[in-house]
Asks: 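After the C-alpha cells below, expect a handful of questions from me.
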Amino acid sequence: MRNGHRIPNATPHIYLLPATAHQALTQTRDHLRLLAQLTEPQGEAGPDVVYLSAQALAHCFDRLADDLDRVAEAVDPIAP
C-alpha cells in the first residue's frame, strides 16, 4: 500500500486463521483500544497526564507484540 491506495493484485491470497489465533487477534484489538482510552486526553478540565509507568507500557507493548507474533505464525496460506 502506498499513499493510502491499494495496489491491485491479480491473484487473491486466501489464508486460514485458526480459532485460537482469531481469539488472540481480537484480544489484541481490545487491548489496543484500552491503551487508546487510557492515553486519551481528558479535555480542557483535566491535565494531559497519563498515569502509567514506563515498565507497564513496555509490558503492554511486549505482550501485544508476542500475541501478534503468535497470530502471524498460526496463519496458513491456502493454495487456490
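FYI, the numbering just counts along the sequence from 1. Bear in mind the structure is a predicted one, so any value in this text is a computation, not a measurement.
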Asks: By side-chain hydrogen bond (donor to acceptor under 3.5 Å, both in side chains), which residues pair with D67, not counting sequence neighbours?
Replies: R70

Asks: Is there a path of hydrophobic side-chain contacts, each under 4.5 Å between heavy atoms, that joins I14 and L16?
Replies: yes

Asks: Are any of the side-chain heavy atoms of C60 and H31 separated by less than 4.5 Å?
Replies: yes

Asks: If I compare all heavy atoms of I78 with all of Y15, which pair ends up nearest, and what's the gap?
Replies: CD1-C, 4.3 Å

Asks: Between CG of L32 and CD of Q27, what distance do you get to the nearest 0.5 Å?
Replies: 12.0 Å

Asks: Consider only side-chain heavy atoms of I, L, V, M, F, W and Y, link residues closer than 4.5 Å, and tell whether L34 and L57 are in one cluster.
Replies: yes

Asks: Using the test side chain to side chain contact (heavy atoms under 4.5 Å, CB included), find all partners of L68 that sit at least two apart in sequence or belong to another chain.
Replies: L25, T28

Asks: More than 12 non-hydrogen atoms from neighbouring residues, nucleotides or ligands closer than 6.0 Å to CZ on R63, yes or no?
Replies: no

Asks: Measuring from H59:NE2 to D62:CG, what's the distance to the nearest 0.5 Å?
Replies: 8.0 Å

Asks: Shortest non-hydrogen contact from F61 to L35?
Replies: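 Taking every non-hydrogen atom into account, CE2-CD1, 4.2 Å.
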
Asks: Please find the pair of heavy atoms, one from L17 and one from A21, that lie closest to each other, and give the distance.
Replies: CD1-CB, 3.4 Å

Asks: If you measure from CZ on R33 to CD on Q37, what distance do you get to the nearest 0.5 Å?
Replies: 9.0 Å

